Structure formats: structure tokens, C-alpha cells
Number of protein chains: 2
Amino acid sequence: MQITRAGEYAVLGLMSLARHTPGQMSMIEEVSREEKIPKSFLSKIFQNLAKAGLVRSVRGAGGGFVLAKQPDEITVLAIIEAIEGKIAFQRCRQEKAECEHVGGCALCGLFEQAQDGLKDVLVRTTLSDLIRQQDEIKSHGGRQQAVLANH
Amino acid sequence: MQITRAGEYAVLGLMSLARHTPGQMSMIEEVSREEKIPKSFLSKIFQNLAKAGLVRSVRGAGGGFVLAKQPDEITVLAIIEAIEGKIAFQRCRQEKAECEHVGGCALCGLFEQAQDGLKDVLVRTTLSDLIRQQDEIKSHGGRQQAVLANH
DNA sequence: GGTAACAGGATAAAGTTAGTCCGAATTGTC
DNA sequence: GACAATTCGGACTAACTTTATCCTGTTACC
């Protein structure tokens, strides 16, 4: 029951892109150094983000990655699902509506609710929200609790 | 990002116990057959539930397992955490308040929120809620959507 | 003492995670 | 056109987790 590192790195990596001036290319090398993420792993992750249409990649000298959308149009849910696939707690609903266990479907219903609660939080937060929060944390010396910026 | 089978089996197994008259022993064998869960695996799971104090085990002939509390005192969260350990999405908050990634703590804060949203759903549902819902699903021929019994 | 039941440890196969490595393709520059 | 910079894509791997199974030991009842 954890977010994978790949998902975490994806969000951090995109935050790094978002902090740059819009349209400016960033190289894997840079982002990797900035966020302390293994370079070759990050490169794999960005490949998938490109496939998902969240970043645009440009090869060759002077190439790199740019956000494909505005930071406030990219939700954390979209990023995580791009890397980890659709969030799906329960096994049953996916294909058939009934499961073989006696109490199965009551449980599946509950898991669906739980999953929705989770998604709800992740879909309400965008890259720009995260960056704003991060700035606040930094400017207050990190002494305070996490800020709940979205309402 | 999934509930493990062990966690799922634990809930189903306890639902099975809860359907019996209070105080009546159930054997692994029975529950295993009823819920179609591998016997030896289920036995391991119940061992852990016993350690967590959710069931009482009695050895020897005529032994088995009984719920250690009333079904409405056992939340799904308690069951899942007994089997899978504390739900913890984020890595950072656990020990140190700061993480090394640049945008790290903003992200940790978000994950904490998401995790709370999830826990909230799981803690509001007890074994008896699940059983009630299951009865409703069955009595309506399973044609309807999952019932949201808790408010 | 025999049988029924859980306890607990060892083991194992399969799947997932977290990377690494390398050659190929693409682009800009001289 | 040669060369350097950079991503793309696939193969590979080591470690860990999940999902079990099996065997021996222990406890309780008769």
C-alpha cells in the first residue's frame, strides 16, 4: 500500500520542469541532479510521461523535455496514473460484477469508495499547487506543518 | 497501489466469523471452504489477526477461532493494518520531517492528505456494516449498485 | 494415548520494484 | 558530412514482496 518511487519521482521531476520558464527545455541530467534521482531511472520515467502526453521530448543536441500543458492543468492523479496505471484497489469490479467470495462484493464496494476518496485528493492538486506550497514551506523555514492550500 | 490478497482474505475471513452466532468457534477448514481461500494461507493470516487481538484462538479438539470483539467494534482499517502494517504512502514523514528532494515535503504533505482520505473511509466501516450491506446485495439479487450505508 | 486443531518456521515460485546498460535514432553545430 | 549531444527503447538484473505450501511442534479434549 504505497506509492512507488517511480510515481514519486515522476511528480518531483515534473515539478522541476514546472519551475523553469515555460517552454524552456530541461535535460534529464539537470533534473536528476536537482532532485537527486538516479539518472537512468528518471529517463525511463520521463519516457512514459511523454507517452502519456504530459511532457514533450526533443531529441538531439539542445533537446530535452518540456511540459506539454500548463502546470495548473496537470493533476497529481494524472501523473501517478501515467506511471503506475489506473489506481485500482479492488480486483472484482474490473471485469466482472460479481466475485466468488461470499462477502466479496460488499468489500469491493468499500474498496471502491476508499479508492475514490484517495483519487479525490490527488485530482484536486495540480503541479502549480504543489509548487506554491513548496515555496511557502521554504519561506517559513520549514518549521510549520504542511499547508492545506486547496479547499 | 493495491490491497494485498492477505488483507482482503482477512476481512472476508472475519466476516465469516461474524456471521456465526457470537462465541461459536469456527475452524480454518470451514472458513477456507466457505470463502474459497487457500487453507494454509488463511491459517497464517488468522495467526496474525490473533496476535493483533482481533480474534481469539483455541487449540485442540473443538478449537478454532472466535472474534475477540463485537463485529461493530472491528473496523476494516484495523483488520487491514493488522495484516499489512500501518498504511503509509509517503516515505518522508515517518522518521524525519524533511526529505532530501527539492519538492519533497510538499509532496509528502499531499500524500499524507490522500492517505487520511483513504483511512477515513476504512475506519468508518465495521464488520457489521459489511455484513448488512452484503445481505442487502443478496436480497436484491445483486442487480443494484453497491450500497453506501455509512454516512 | 489418540485425535483434532492451531503455532511457527522453513522453503519456494512468481511477480513487482528499482534500477542499470547499451545500441539506435535524432538533432544542432562546425 | 562529421561529430557531439541527447532522447528512445529494449534487454537485463538484483532485491524485495506476495502468495502461498509443508512440516514439526504444541495444546486440548476424550
Side-chain angles (χ1 to χ4, degrees), chain A residues 1-13 16-17 24-33 35-68 80 83-89 91 101, chain B residues 1-14 16-17 24-33 35-68 80 82-89 91 101:
Chain A
M1 179 56 56
Q2 274 204 169
I3 303 279
T4 62
R5 260 176 225 283
E8 192 181 316
Y9 289 165
V11 181
L12 292 170
S16 172
L17 291 204
Q24 187 193 336
M25 288 284 165
S26 308
M27 290 176 306
I28 292 285
E29 175 67 36
E30 271 179 90
V31 179
S32 157
R33 199 170 346 101
E35 293 285 354
K36 302 193 183 67
I37 298 171
K39 191 175 132 187
S40 46
F41 193 28
L42 187 61
S43 134
K44 268 279 174 303
I45 292 168
F46 268 53
Q47 253 179 59
N48 289 322
L49 292 175
K51 267 185 211 153
L54 294 177
V55 297
R56 272 183 31 237
S57 71
V58 178
R59 287 191 185 183
F65 294 90
V66 225
L67 290 186
I80 294 197
I83 298 300
E84 308 194 353
K86 282 241 167 254
I87 288 180
F89 278 179
R91 277 161 252 272
H101 300 286
Chain B
M1 178 57 53
Q2 273 203 169
I3 303 281
T4 63
R5 259 174 228 285
E8 191 181 316
Y9 290 164
V11 180
L12 291 170
L14 290 188
S16 172
L17 291 203
Q24 186 193 335
M25 287 285 167
S26 309
M27 291 176 303
I28 292 285
E29 175 67 35
E30 269 179 274
V31 179
S32 158
R33 201 171 344 104
E35 294 285 351
K36 301 193 183 66
I37 298 171
K39 191 175 134 187
S40 48
F41 193 28
L42 187 61
S43 134
K44 272 280 175 299
I45 292 168
F46 268 53
Q47 253 179 59
N48 289 323
L49 292 175
K51 267 186 209 153
L54 293 177
V55 298
R56 274 182 30 237
S57 71
V58 178
R59 288 186 184 187
F65 293 90
V66 225
L67 291 186
I80 294 196
I83 297 300
E84 307 193 356
K86 282 241 168 252
I87 289 179
F89 277 0
R91 279 160 252 271
H101 301 287

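This is a predicted model, so every value here is computed, not measured. Chain identifiers are assigned alphabetically (A, B, ...) following the order of the sequence lines, protein sequences preceding nucleic acid strands; residue numbering begins at 1 within each chain.
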Student: What's the shortest heavy-atom distance between B:Gln24 and B:Val66, and which atoms?
Tutor: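 Where B:Gln24 meets B:Val66 most closely, the heavy atoms are O-CG1, 3.5 Å.
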Student: Side-chain donor-acceptor contacts of residues 49-62 of chain A below 3.5 Å, not counting sequence neighbours, with atom names and distances?
Tutor:
none

Student: Applying salt bridge (Lys or Arg N to Asp or Glu O under 4.0 Å), name anything that partners B:Lys36, two or more places apart in sequence or on another chain.
Tutor: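 Once residues adjacent in sequence are excluded, B:Lys36 has no partner under the salt bridge (Lys or Arg N to Asp or Glu O under 4.0 Å) criterion.
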Student: Please report the shortest heavy-atom distance between B:Gly13 and B:Val31, naming the atom on each side.
Tutor: CA-CG1, 3.9 Å
Student: Do any of residues 39-57 of chain A sit with a heavy atom less than 4.0 Å from DNA chain D, and if so which?
Tutor: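 Here the set is A:Lys44, A:Gln47, A:Ser57.
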Student: Please state how far atom CZ in A:Phe65 lies from atom P in D:dA5, giving the value in whole angstrom units.
Tutor: 18 Å
Student: Which heavy atom in B:Ser32 sits nearest to a heavy atom in B:Leu42, and how many Å separate them?
Tutor: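 Heavy-atom minimum between the residues: N-CD2, 3.7 Å.
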Student: Identify the two heavy atoms, one from B:Ile83 and one from B:Gly7, that lie closest to each other, and give their separation to 0.1 Å.
Tutor: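 Heavy-atom minimum between the residues: CG2-N, 3.9 Å.
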Student: Answer whether the closest heavy-atom distance between the side chains of A:Ile37 and A:Arg5 falls below 4.5 Å.
Tutor: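 No - every pair of side-chain heavy atoms lies 4.5 Å or more apart.
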Student: At less than 4.0 Å, is any side-chain N or O atom of B:Tyr9 found next to OP1 or OP2 of D:dA20? Yes or no.
Tutor: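 Yes, such a contact exists.
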Student: List the atom of B:Ile28, the atom of B:Ser43, and the distance in Å for their closest heavy-atom pair.
Tutor: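 Answer, listing the atom of B:Ile28 first, then B:Ser43: CD1-CA, 3.6 Å.
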Student: Protein-nucleotides 25-30 of chain D N/O pairs closer than 3.5 Å?
Tutor:
unit_1 : atom_1 : unit_2  : atom_2 : d
D:dT26 : O2     : B:Arg59 : NH1    : 3.0
D:dT27 : O4'    : B:Arg59 : NH1    : 3.0
D:dT27 : O2     : B:Gly60 : N      : 3.4

Student: Which whole-number value in Å describes the distance from A:Gln24 CD to D:dT6 C1'?
Tutor: 16 Å
Student: Just the rounded figure in Å: distance from P of D:dT6 to CD of A:Glu29.
Tutor: 9 Å
Student: Can you tell me how far C1' of D:dT19 sits from CD1 of B:Ile83, to the nearest Å?
Tutor: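 So the two atoms are 13 Å apart, to the nearest Å.
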Student: Kindly say whether A:Ile3 contributes a backbone atom to a donor-acceptor pair with the side chain of A:Glu84 at under 3.5 angstrom?
Tutor: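 No, A:Glu84 side chain to A:Ile3 backbone: no donor-acceptor pair under 3.5 Å.
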Student: What are the bounds, 5' to 3', of the part of DNA chain C that sits under 4.0 Å from heavy atoms of chain A?
Tutor: C:dT17 to C:dG28
Student: Scan residues 41-63 of chain B for pairs that pass ring-ring contact (aromatic ring centres under 6.0 Å, His included), counting only residues two or more places apart or in two chains.
Tutor: B:Tyr9-B:Phe41, B:Phe46-B:Phe65
Student: Considering all heavy atoms of both residues, which atom of B:Met25 and which atom of B:Glu30 are nearest to each other, and what is their separation?
Tutor: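 That would be O-OE1, 4.2 Å.
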